[in-house]
Amino acid sequence: MARKMLIDGEPELGKAAEEATNFDFDLFIIGAGSGGVRAARFSSNFGAKVGICELPFHPISSETIGGVGGTCVIRGCVPKKILVYGASYGGELQDARNYGWELSEKVDFNWKKLLEKKTDEINRLNGIYKRLLSNSGVKLFEGEGRIVGPNDVEVTQLDGTKLSYSAKHILIATGSRAQRPNIPGQELGITSDEALSLEEFPKRAVILGGGYIAVEFASIWRGMGSTVDLVFRKELPLRGFDDEMRAVVARNLEGRGVNLHPRTNLTQLTKTDDGIKVLTDHGEELIADVVLFATGRAPNSKRLNLEVVGVELDNAGAIKVDDYSRTNIPSIWAVGDVTNRINLTPVALMEASCFAKTVFGGQSCKPDYNDVPFAVFSIPPLSVVGLSEEEAIEQANGDVLVFTSSFNPMKNTISGRQEKTVMKIVVDAATDKVLGASMCGPDAPEIIQGIAVALKCGATKAQFDSTVGIHPSAAEEFVTMRSVTRRVTGTAKPKTNL
Ligand code: FAD
């Protein structure tokens, strides 16, 4: 018997396989990125008949180019992390000398080789994602999808021919796209798409932006030997993160040779014989081989014809959804970056899983945005979970206890690298509950993932303290921070947004 449930007063969702339907599909998905592929597979496993469309493949996206796997696989998390690994060898090779490795003075780096390997890997993953869909019985169409009715989609194929299908439910999972600033000469700059596929290695790079993508590319190119200028509007990069940790990242970037330009914007780009001339609003002039705009992303909602059925958007163009990812049109749903909630792959996956469970699995499932961990893959990386000190102070009813540890990682004692690892735990003084944790140092994302489980379980500081450490490791510091660095009263005004 099909289980029925109530969602916001609507009783009609249940196991699709057991429902009579006159539609071509139970579910048609537009966009086969992280969210789309997850929703397709899970819905199909619950017995739904699923169709999905995706734009033709290319590493650099456009309004008509994409590829199965989406941003994360083709031009986001995966290729970025491959380049971070590549760049990390630069520092590792320097550090290796004091560990007895006799390296000749000059070490060459072959950008083209790494790029080739990266492209091979994303081609492989694109194939795997296609197979995941076909193995789950999902029908894939190559082309641009748009909505033509509350239950109707149209797919325009490469040759211009159009396919039309009806579906009981439509899921929009079209992601987001990098934006460029509106300054003279902006066409000379590139976005992260092109930055991950550059033919020539940029010896001189100017990066505009203070978000995680800007910081990561600064680390990547600097690690490979480029001269890097990072230009951002605030006092520190990584707005929205814990201020103290932002300062640590800035210090590390500088320590590794990135030129920081805080409180600065770019005003003009001009082509010269020597490269791209970049002007800042402080009157500085920089010359670059590459200017990267890491200035935010916008939801891919413009070309979906949403106005025809009246799907509501917010001011940023993101599709408005309820707690279950349903739009104001009952048959149309949306997940991932196009809804601009928390724009991360694991969050798109969570939203898509919940969607499939709710609509086809007979289980009411709301995505849970508490304690979502996050990593910035700078070198060394920053990783955080839960509340920053500023958020904790803002939200706490009483006092907040802050524990910090700044130490020289054991590896650096021999290598001689001057770079501290910094950790922080933020605790609610009244309940002893750990509200947030952050770390900037080697392996931070690997360590914080485990701490995230503890926070999800509602761990107290006493439980952290009673956990036995792993020795010798940096991670053990998280269970040995005994003395309070500071006690902050809940009514104190946080300094935030430096
Ligand atoms: P996407 O994965 O972007 O998929 C949307 C798909 O829809 C695309 O394939 C697109 O081609 C397709 N599409 C769009 N319009 C249409 C249409 N009309 N018809 C058919 N298909 C269409 N997240 C992390 O968690 N960790 C990271 O380290 C990380 N690093 C990142 C680094 C970079 C440089 C970037 C840009 C992003 C990074 N992200 C990271 C974010 C992550 O990639 C996204 O949050 C995630 O991919 C969102 O998934 P999605 O399904 O919403 O969209």
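All ligand and atom numbering here is 1-based and tracks the order in the structure. Values below: all heavy atoms of this structure, side chains included; hydrogens, waters and symmetry mates excluded.
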Regarding ligand 1, does [X] bring an N or O atom to under 3.5 Å of one of the ligand's N or O atoms?
X      : result
Gly35  : yes
Glu216 : no
Ser192 : no
Glu54  : yes
Leu304 : no
Asp337 : yes
Glu144 : no

Give me the residue, atom name and distance of the protein heavy atom closest to [atom].
atom                    : result
atom 41 (C) of ligand 1 : Tyr212 OH, 3.6 Å
atom 40 (C) of ligand 1 : Cys77 SG, 3.2 Å
atom 16 (C) of ligand 1 : Thr174 CG2, 3.6 Å
atom 36 (C) of ligand 1 : Arg297 NH1, 3.3 Å
atom 7 (O) of ligand 1  : Gly31 CA, 3.2 Å
atom 33 (C) of ligand 1 : Gly76 CA, 3.5 Å
atom 4 (O) of ligand 1  : Gly33 CA, 3.2 Å
atom 18 (N) of ligand 1 : Gly145 O, 3.0 Å

Which of the atoms in ligand 1, numbered in the order shown and given with their element, are less than 4.0 Å from a heavy-atom of [X]?
X      : answer
Asn343 : 41 (C), 45 (O)
Gly70  : 2 (O), 4 (O), 9 (O)
Ile213 : 33 (C), 34 (C), 35 (C), 36 (C)
Gly336 : 52 (O)
Gly143 : 19 (N), 20 (C)
Gly175 : 3 (O), 5 (C), 52 (O), 53 (O)
Gly66  : 11 (O)
Gly67  : 9 (O)

Response to the item:
Among Lys302, Glu63, Lys80, closest by heavy atom to atom 30 (N) of ligand 1 is Lys80
Worksheet item: Which one of Thr191, Leu55, Ile65 has a non-hydrogen atom at the shortest distance from atom 21 (N) of ligand 1?
Response: Leu55
Practice prompt. Answer yes or no on whether Lys203 is positioned over the face of Phe201, meaning its NZ or CZ is under 6.0 Å from the six-membered ring centre and within 45° of the axis.
Written response: no
Worksheet item: Out of Asn126, Ile128, Asp120, Ile122, which one pairs with Arg124 under the side-chain contact (heavy atoms from CB on, under 4.5 Å) rule?
Response: Ile128
Worksheet entry | Check: Phe374 ring centroid to Phe241 ring centroid under 6.0 Å | yes
Worksheet item: Do the two ring centres, one from His169 and one from Phe355, sit under 6.0 Å apart?
Response: no
Is atom [atom1] of [X] surrounded by more than 12 heavy atoms (other residues, nucleotides or ligands) closer than 6.0 Å?
X      : atom1 : answer
Arg177 : CZ    : yes
Glu199 : CD    : no
Asp159 : CG    : yes

Worksheet item: Quick one: do the Arg180 and Thr191 side chains pair a donor with an acceptor below 3.5 Å?
Response: no
Discussion item. Is it the case that the side chains of Asp337 and Ser176 hold a donor-acceptor pair, with the cut-off being a distance below 3.5 Å and no angle test?
Written reply: yes
Discussion item. Within the structure, is a non-hydrogen atom of Ala173 found at a distance of less than 4.0 Å from ligand 1?
Written reply: yes
Practice prompt. Determine, using heavy atoms of Phe374 and all atoms of ligand 1, whether some pair is separated by less than 4.0 Å.
Written response: no
Is it the side chain (CB and beyond), the backbone, both or neither of [X] that lies under 4.0 Å from ligand 1, heavy atoms counted?
X      : result
Lys81  : neither
Thr345 : both
Val68  : neither

Roughly how far, to the nearest 0.5 Å, is the [atom2] atom of [Y] from the [atom1] atom of [X]?
X      : Y      : atom1 : atom2 : value
Met245 : Leu236 : CE    : CG    : 12.5 Å
Thr174 : Leu306 : OG1   : CG    : 8.0 Å
Arg222 : Arg256 : CZ    : CZ    : 10.5 Å

Discussion item. Check Glu121 with Lys81, please: is the shortest side-chain N to carboxylate O separation under 4.0 Å?
Written reply: no
Worksheet item: Side chain of Arg146, backbone of Glu154: donor and acceptor closer than 3.5 Å?
Response: no
Practice prompt. Could you check Lys456 against Asp371 for salt bridge (Lys or Arg N to Asp or Glu O under 4.0 Å), going step by step and ending with a plain yes or no?
Written response: CA-CA 7 Å; Lys456 209 71 188 161; Asp371 298 326; 5.3 Å; no
Worksheet entry | Side chain to side chain, Glu54 and Lys130, heavy atoms closer than 4.5 Å | no
Practice prompt. Go through the steps for Asp289 and Arg204 under the test salt bridge (Lys or Arg N to Asp or Glu O under 4.0 Å), then give the verdict.
Written response: CA-CA 5 Å; Asp289 303 310; Arg204 301 161 301 179; 2.7 Å; yes
